[in-house]
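To start, the structure under review is shown below, and the notes come after it.
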Amino acid sequence: MATILANDGIDAAGKKILEAANVKVVTEKVMQENLSEALKNFDGILVRSATQVRKENIDAVPNLKLIGRAGVGMDNIDVKYAEQKGVKVINTPAASSQSVAELVFAHLFTMARYLHDSNRAMSLCETKEQFNALKKKYSEGIELSGKTLGIIGAGMIGKAVAKMAVGLGMNVMFHDAFINDVKFDLSFHPNISSQKIPLAFQCVPLEKLLTESDFITLHIPFPKGTAPVIAAKEFDKMKKGAGIVNTARAGVVSENDLIAALNSGKVSYAALDVFEGEPLVNKDIRSHAKISLSPHIGGSTREGQERIGIELAEKVVSFFRDLK
Ligand SMILES: NC(=O)c1ccc[n+]([C@@H]2O[C@H](COP(=O)([O-])OP(=O)(O)OC[C@H]3O[C@@H](n4cnc5c(N)ncnc54)[C@H](O)[C@@H]3O)[C@@H](O)[C@H]2O)c1
């Protein structure tokens with residue numbers, strides 16, 4: 001049917017679907033500098049975030065029909081250019097939401113009980129005195145229940161986060177640049193319950209969300225050339241002692257202004273999964289006692305990767321089937 005280069009790998013479940021439909025899948029990694037030459041032997045390419053598919057690659061391979069991104073963000077693909085050249089670009093927008101939302105809560109629980117810092121400190125704890133000192137230091141944590149979670153971006157991940165927040169007894173507030181009313185079902189895993197409870201929220205202005213939230217989490221894209229949504233002016237408006245989580249894209253929160261807000265005590269804690277200098281992380285960020293860190297793993301769970309692989313494979317198969 002077609003030959004595909006899955007240059008950043010593909011989940012076994014997705015590979016199985018492709019091969020069952022006679023799509024030949026090659027998973028041997030081609031280095032970025034050799035990509036244009038290697039692609040001449042393929043009908044399509046599947047990438048995660050590592051491989052870049054740029055104008056020069058697209059120009060070099062006139063027969064390329066499909067570019068697939070396993071995941072959501074398409075920053076590593078020149079999407080508009082590809083589409084102008086008649087190359088179909090697909091991604092898997094729904095597959096990562098649950099995994100990212102769960103990581104948000106991993107960070108929220110961590111921040112609320114200082115686990116990021118106490119994990120580091122406990123590794124050096126050898127005496128009774130040290131243990132007691134740490135016990136005292138980390139005994140001022142808070143519960144999430146009853147607190148207000150401000151969600152910026154009422155898309156798929158924002159809604160998945162809201163479901164968990166509601167389940168935990170948090171107040172939820174949404175802000176979205178393009179949506180006023182947010183409606184979805186409070187449904188959980190189908191094996192646990194098929195019950196659907198309708199939820200509805202009216203989005204609030206950013207200013208209200210900033211001033212009233214105990215924790216803020218961002219779930220928005222960061223188009224090239226745009227300014228951070230959260231910088232010094234926005235930190236100034238936040239509640240003293242608030243916490244902020246960025247699992248969206250580096251740049252939506254200014255790292256410099258975040259450090260200033262943490263050091264001044266305006267913000268009590270932060271959690272980051274994405275970084276301005278990624279894959280390198282600024283030393284002031286990675287060594288900050290008030291920041292919980294993860295290395296861009298929001299969508300990277302076994303279940304998430306399997307869902308991504310299946311969704312992508314099904315889209316690839318249907319694309320080449322329709323092309324016939
Ligand atoms: N950390 C990870 O590994 C990981 C994994 C998956 C997705 N993501 C990122 O999470 C983000 C959200 O993903 P999603 O699937 O929920 O996207 P989505 O498209 O479903 O929702 C995004 C929402 O943000 C709103 N929006 C856009 N710009 C805005 C702005 N400036 N202010 C307020 N609202 C704005 C849109 O109207 C939309 O409702 C994306 O940036 C994506 O790249 C990260």
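One-based numbering, in listed order, for ligands and for the atoms of each. Note: hydrogens, waters and symmetry copies are ignored here, and every other heavy atom, side chains too, is used. We count residues from 1, following the sequence as given.
- The protein non-hydrogen atom at the shortest distance from atom 9 (C) of ligand 1 is Ala248 O, 3.5 Å.
- Looking at heavy atoms from C-beta onward, Gln202 lies out of side-chain contact with Val182 at the 4.5 angstrom threshold.
- Looking only at protein heavy atoms, the nearest one to atom 27 (C) of ligand 1 is Pro221 CD, 3.4 Å.
- Closest approach of Ala13 and Glu306 over heavy atoms only: CB-CG, 3.9 Å.
- In summary, the atoms of ligand 1 found under 4.0 Å from a heavy atom of Gly153, numbered by their order in the structure, are 24 (O).
- Within the 4.0 Å heavy-atom criterion, the part of Asp273 lying near ligand 1 is the side chain and not the backbone.
- Remark: minimum distance from atom 5 (C) of ligand 1 to any protein heavy atom is reached at Val100 CG2, 3.4 Å.
- Partner Asp75 forms a side-chain hydrogen bond (donor to acceptor under 3.5 Å, both in side chains) with one of Lys224, Arg249, Arg69 and no other, that one being Arg249.
- Residue contact annotation: Ser97 has no non-hydrogen atom under 4.0 Å from ligand 1.
- Residue Arg249 touches ligand 1 through its side chain alone, judged by heavy-atom distances below 4.0 Å.
- Using a 4.5 Å heavy-atom threshold, the side chains of Val253 and Val229 count as separate.
- Atom 37 (O) of ligand 1 has Asp176 OD1, 2.7 Å as its closest protein atom, hydrogens excluded (heavy atom only).
- If you number the atoms of ligand 1 from 1 as listed, the ones under 4.0 Å from a heavy atom of Gly298 come out as 1 (N), 2 (C), 3 (O).
- Listed by number with element, the atoms of ligand 1 under 4.0 angstrom from any heavy atom of Ala154 are 39 (O).
- The protein reaches atom 41 (O) of ligand 1 closely, with a heavy atom under 4.0 angstrom from it.
- Nearest protein heavy-atom contact of atom 44 (C) of ligand 1 is Thr247 O, 3.2 Å.
- Across Leu272, Val229, Val182, Leu209, heavy-atom proximity to atom 31 (N) of ligand 1 is greatest for Val229.
- Taking every non-hydrogen atom of His296 and a distance limit under 4.0 Å, the qualifying atoms of ligand 1 come out as 1 (N), 2 (C), 3 (O).
- Contact annotation: for Leu103 versus ligand 1, there are no heavy atoms closer than 4.0 Å.
- Listed by atom number, the atoms of ligand 1 under 4.0 Å from Ile179 heavy atoms are 39 (O).
- Checking Asp8, Val26, Ile67 one by one against Ile45, the side-chain contact (heavy atoms from CB on, under 4.5 Å) holds for a single residue, Ile67.
- Closest to atom 32 (N) of ligand 1 among all protein heavy atoms lies Ala177 CB, 3.6 Å.
- Both the backbone and the side chain of Ile220 come within contact range of ligand 1, each with a heavy atom under 4.0 Å.
- Between atom 18 (P) of ligand 1 and the options Ala160, Ser49, Gly155, Ala95, the minimum heavy-atom separation is to Gly155.
- The distance from atom SG of Cys203 to atom CD1 of Ile179, rounded to the nearest 0.5 Å, is 6.5 Å.
- Annotation: atom 13 (O) of ligand 1 to nearest protein heavy atom, Ile157 CD1, 3.4 Å.
- Closest approach of Gln32 to Asn57, counting heavy atoms only: NE2-OD1, 4.1 Å.
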